[in-house]
Structure formats: structure tokens, C-alpha cells
Amino acid sequence: MGKLKEKFQELKNNPDVALKEQVGYVSGVFGNCMGQDSVGTYTDQFMYDYMGLKSSHIVTMKSVTTGVNILIAPIVGALLDNNHSSKGNARRFMMASAIPFTLSSILLFIVPSASLTFNLIWSFLLFLLFNIADTFFDVALSTLSVRMTPNAKSRKNFYTIAQLASTLGSMLPGGMVPIIIELQGNDYAKEKWAFFTVALIFGVLGMFTMLVPCLTLKERNMVLPPRETKKKIKIDYKLILLNRPLLLLCLSQVIDSIRQVCYNSLPFFYKQTLNKFSMKTYVEMASSVLSYGGLLSVPFVGKKRSSRDIVVWGYLHTGICYLLLLIFGYKSLWIVGILIALGGLPNAAMSAARRILLADSTDYMEWKSYKKYGVAQRNEGMVFAFNTTVTRIAALWKELLVNGGLALIGYQSAQMINGEMVEAVQSAQTLHGIFLLVVIPGIIGNLLPGIIMMFDNFTGKRKEKIMAELEIIRAEAKVKHEDLQTL
């Protein structure tokens, strides 16, 4: 308790960030993650089982949406980087996107008609709106986060607290949906409206919490050396290609989409294969407790192990758990629950470590651009926009794998009979196929990213040396800036 109290005092007395800003950022992350989890975890299941959409419909819808987001994300990042006024525009982006984000996350869980065509159009427009709003909010909030923590040493505590809120935001709707659905006693019509009820509750709560950072956070821009015309970097994308830590992190994230197939298949696994949907809640509660324990250890483990090491060992640990699940099978619910819960132990710590690595990559970019072009350049907006773009591409790849996998194992969607949607019955072969969609991606999608992250060398003594050089570069920049102010 003494060490935790000490860490809280460090966070409270952080000279870089005021306490109300820390709370504001945490609130924004919490609300954003609730909406992301509701839509990301349950829309596939809802569209298959209650909207009657087919895998081809869902893949097409999400492919178009991803294409739009790939175009939007770098635009948002460039707008954030090119606005260096004290007022900035990040908070305006968040304010404008919170409401459409909330409305779309709620309305996606309504079956609007008995027409499959109308349901498809409805789902497509709302899913597109949701993702555009999420891109604006996520890139803006993430960009502000790295500007709030210019001191790399303070990021472990800052992002650890943020990840606590992120994990809680993801856990609440994820935990409530299975219990509420199972309480409907297999009444198909009641289950459909139960999804909407949960989405409404957490949507409204999420909207209010997403607006808090818009009122509490301040814009910050780091002072950099003046850029000479001859050395001006015309295409900031070049800096992305020089940013090795960012590229490796994003590559691992693309492969991580395979692991997300496992998590997206779990609702189907609990509800269909095990016929115990509420088990999802109990397992995730146990997993969250373990995950919180792992997360709270980050500031302490981080003194001996780098954020990269936390990510690497987290992947390997989870991969081994799903390998054991493949070996033992799903005859024993206890073994299934224990292995899946243990597999989730490092998740929150890994997410916090990835946030730290992403923020650290902006420091590497600043140093590398100085070494390459003779001028230090920070593009926080572009870094997070690039990461968001990669995330969207990975999400599309995941959707292709999930829906392709469901089609491969013969998963049946609900059917329209005499003007009413009728629940489909799955074969025994399909039910076993769902289990394979959980364990195989759970193994591959963890082991490969773990290996990839081993090649990140912005860590240890090398990182300390680079950061020392960067402090000198920044000090020179400050002197140049002050000299210009006196002219």
C-alpha cells in the first residue's frame, strides 16, 4: 500500500500535467472504450443473429468503411500537426465527434425493419458514421496525450492510469451483455431489445464522459528548432518510414488482428458451442482482476523491464494459454474458463505498454529527423493518425478472417420467414468449428507479434543515449526560440 500511495502522489504532483487534466484524459478514454467495445465485440453477432445479414454483406460494409477511414485519419493528423496555436483544434474535434459517436453506437443495435436491404443500408450508414467519429476523437485525444507528457519518464504512470480506465470501460458493456441476454430465457425477441438497452445505457454514459476532456485538457505544442527552407521536410510521411519503433509496433498490430479473431469468436463460442453465454461475463471478470494486477505492476516492473519486454512476454504468455486450451479442449468448463482468464492476465499491461511505446516513438522520430535532415521534427498527429490507419486496416483484415472463418465452418445467419426473423440452428460440426476459430488465432495471433516486437531496439542503453542527445537538441531549440523572440 505504501508504494501505491507513493505512486499516486507522484501522479497527483506531476509537474507536466494538472490533476484535472489527468482526470479529464482518463474520462475520455473510459467513454471512448465503452463505445468501441460495444460495437467492436457485439455488432457481428447482432448482425448475424438478429439483423439477418450475411458474411458478404458485413465484409463489404466494413471494407468500404475502412477505406474511408484510411483517407480520413492522415487528414486529421495533419490538421492537428499544422495548428500550433495555443487554442489548437484537438478539443473541437473531440467535442464535434462525441455525439455522432454515441448515437451511432446505440442505433447500430436496432433492427429497423423486416427488409434485409433496408437493414443493410441502415447498418452501413451507422457503422460508417461511428468509425469516422471514432477516428476524429481517438486521434485528437491520443495526440493530446503525448503532448501532455513531454517527459518520457512520466509516461509509465500516466498511461497506466489511463489503461485502468480503458480496461474498465471495455469490461462494463462486455460483462453486462451476456448476463442480460441470458436472463431473457432464450426469448428471441426479448434478446434483440436487450442488446439495444445495454447500448443505450452505456452510450449515454459514454457521451458524458467523452465530453469531460473537451472541458479540462489544454493544448500543448513542443518548441522545436526553426526549420530552414532548404532543409524543410516537405513530405512528413518520410518521417514515418524512418520511425522504426512505430513501424514495428504497427506491424505487430496488423498480425495482432489474427488474435482479435479469437476474441471476436468468443461470444459465439460461449453462446453457441458451450450454450452458456453468461460464462463470458464470469471469465472476463476473473480475467479483468488478473489484468488489473498485471497493469498495476507496470510502474514497478518498468523499473527493471522495458515497455517492449512487457509486450513481448505478454504475447508469449497468452499464446501458451491458448495452446493449452487446444490440447485440453472444451469438455471441462472449468479448464476453459481458467485458461482463457489466465490468457487475459497481461492484456491491460500490454495495452499500457503499447501506448507508452507509441508515445516514445515520437521522441525517436524527433531524434531521427535531426540526424537525417539536421532539423528536429515532431509529428504527433501523424504518428497517431498512422497508427489509427493501421488499426483500421488490421480491423478489416480481422473482419475478413472472422467472417471468412464463420462462412468456412458453415455458420448460419437468422432467416426471414413470413415477415419475421427466425433464429438459425447450428450443426455440431459448426459448433466445433467455432472452438477452432478461438484457439488457432489465439495461438498464431500471439506468438507472431511477440517475435516481431523483439526487433525493436529503441530500449535499454540505446534509448537512454538517444534521449540524452535529444535533451541537448531541445535545449538548443529553446535558446534559438528565445533569441528569435528578442529580435
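Basis for what follows: all heavy atoms, side chains included, without hydrogens, waters or symmetry-related copies.
A 4.5 Å side-chain heavy-atom check between Val29 and Tyr25 finds at least one atom pair inside the cut-off. A heavy-atom distance below 4.5 Å is not found between the side chains of Lys62 and Leu128. Side-chain atoms of Leu266 and Tyr270, non-hydrogen and from C-beta on, do get closer than 4.5 Å to each other. Counting heavy atoms from C-beta on, the side chains of Leu316 and Asn446 never come closer than 4.5 Å. Between Val204 and Thr102, the closest side-chain pair of non-hydrogen atoms is not below 4.5 Å. Using a 4.5 Å heavy-atom cutoff, the side chains of Pro112 and Asn119 are in contact. With contacts defined as side-chain heavy-atom distances shorter than 4.5 Å, the pair Val177/Lys280 does not qualify. Side-chain atoms of Thr318 and Arg259, non-hydrogen and from C-beta on, do get closer than 4.5 Å to each other.
No more than 12 heavy-atom neighbours from other residues, nucleotides or ligands sit within 6.0 angstrom of CD1 on Ile99. Enclosure of atom NZ in Lys54 by more than 12 non-hydrogen atoms of other residues, nucleotides or ligands within 6.0 angstrom is indicated. The neighbour count for Trp122 CH2, taken as heavy atoms of other residues, nucleotides or ligands under 6.0 Å away, is above 12.
Considering every non-hydrogen atom in both Arg91 and Pro213, the closest pair reads CD-O, 4.2 Å. Nearest heavy atom pair, residue Gly319 against residue Ile443, reads O-CG1, 4.1 Å. When every heavy atom of Phe46 is checked against every heavy atom of Val111, the shortest pair comes out as CZ-CG2, 3.8 Å. Nearest heavy atom pair, residue Cys262 against residue Gly442, reads CB-N, 3.8 Å. Between Met94 and Cys214 the shortest heavy-atom distance is CB-SG, 3.6 Å. For Gln45 against Lys271, the heavy-atom pair with the smallest separation is NE2-CD, 3.4 Å.
Note that the OG atom of Ser278 and the CD1 atom of Ile180 stand 12.5 Å from one another [nearest 0.5 Å]. With rounding to the nearest 0.5 Å, the separation of CE in Met61 from OG in Ser56 is 11.0 Å. Rounding to the nearest 0.5 Å places CD1 of Ile70 at 12.5 Å from CD1 of Ile75. We find the OH-CD1 distance between Tyr330 and Ile340 to be 12.5 Å, quoted to the nearest 0.5 Å. Here the NZ atom belonging to Lys276 is positioned 11.0 Å from the OG1 atom belonging to Thr281, to the nearest 0.5 angstrom. Between atom CD1 of residue Ile444 and atom CD1 of residue Ile258 there is a gap of 6.5 Å, rounded to the nearest 0.5 Å.
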*Under the side chain to side chain donor-acceptor pair (under 3.5 Å) rule, what do Asn69 and Thr135 come out as? Steps first, then yes or no, please.*
CA-CA 7 Å; Asn69 272 288; Thr135 298; 2.4 Å; yes
*Run the side-chain contact (heavy atoms from CB on, under 4.5 Å) check on Phe196 and Ile106 step by step: do they pass?*
CA-CA 7 Å; Phe196 171 73; Ile106 295 171; 3.5 Å; yes
*Carefully, step by step, assess Phe268 and Val438 under the rule side-chain contact (heavy atoms from CB on, under 4.5 Å).*
CA-CA 9 Å; Phe268 294 92; Val438 170; over 6 Å; no
*Check step by step if salt bridge (charged side-chain N to carboxylate O under 4.0 Å, His left out) holds for Asp360 and Arg355.*
CA-CA 9 Å; Asp360 286 350; Arg355 287 175 185 262; over 6 Å; no
*Would you please test Ser123 and Leu53 for side-chain contact (heavy atoms from CB on, under 4.5 Å) and show each step?*
CA-CA 10 Å; Ser123 299; Leu53 302 187; 4.0 Å; yes
*CA sep, side-chain torsions, deciding dist, call: Leu116, Met51, side-chain contact (heavy atoms from CB on, under 4.5 Å)*: CA-CA 8 Å; Leu116 182 60; Met51 298 282 276; over 6 Å; no
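Legend: residues meeting side-chain contact (heavy atoms from CB on, under 4.5 Å) with Gln272, ordered by chain and number and at least two apart, are Asp49, Tyr411, Gln426, Leu431, Ile434. Annotation: side-chain hydrogen bond (donor to acceptor under 3.5 Å, both in side chains) contacts of Glu191 (sequence neighbours excluded): Tyr50.
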Could you list the donor-acceptor pairs under 3.5 angstrom formed between side-chain atoms of residues 239-251 and any protein atom two or more places apart in sequence or on another chain?
| from | atom 1 | to | atom 2 | distance (Å) |
| --- | --- | --- | --- | --- |
| Asn243 | OD1 | Leu246 | N | 3.3 |
| Asn243 | ND2 | Ser361 | O | 3.0 |
| Arg244 | NE | Phe455 | O | 3.4 |
| Arg244 | NH2 | Phe455 | O | 2.8 |

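For the pair Ser166 (side chain) and Ala162 (backbone), a donor-acceptor distance under 3.5 Å is absent. At distances below 3.5 Å, at least one donor-acceptor pair connects side-chain atoms of Glu182 with backbone N or O atoms of Phe277. For Asp138 (side chain) and Asp134 (main-chain N/O), no donor-acceptor pair under 3.5 Å exists by modelled atom type. Of the possible donor and acceptor atoms, none in the side chain of Thr388 sits under 3.5 Å from a partner among the backbone N and O of Val139. In this structure, the side chain of Thr362 engages the main chain of Ala359 through a donor-acceptor pair within 3.5 Å. One N or O on the side chain of Thr209 and one on the backbone of Gly206 form a donor-acceptor pair closer than 3.5 Å. In this structure, the side chain of Ser257 does not engage the main chain of Gln253 through any donor-acceptor pair within 3.5 Å. Side-chain N or O atoms of His317 include one that pairs as donor or acceptor with a backbone N or O of Leu342 at under 3.5 Å. Under a 3.5 Å cut-off, the side chain of Ser27 and the backbone N or O of Val23 do not form any donor-acceptor pair.
Taking the ring centroids of Phe93 and Phe136, they lie under the 6.0 Å cut-off.
In summary, the side chains of Asp256 and Gln260 do present a donor paired with an acceptor at a separation below 3.5 Å, with no hydrogens or angles considered. Looking at Ser306 and Asp309, their side chains do bring a donor and an acceptor atom within 3.5 Å of each other. Inspection of the Tyr48 and Asn403 side chains reveals an N or O donor paired with an N or O acceptor under 3.5 Å. Neither side chain, Ser291 nor Asn347, offers a donor N or O lying under 3.5 Å from an acceptor on the other.
For the pair Lys463 and Phe458, the cation-pi test (distance below 6.0 Å, angle within 45°) is passed.
Ring geometry for Phe435 versus Phe269: interplanar angle of 30 to 60°, hence tilted.
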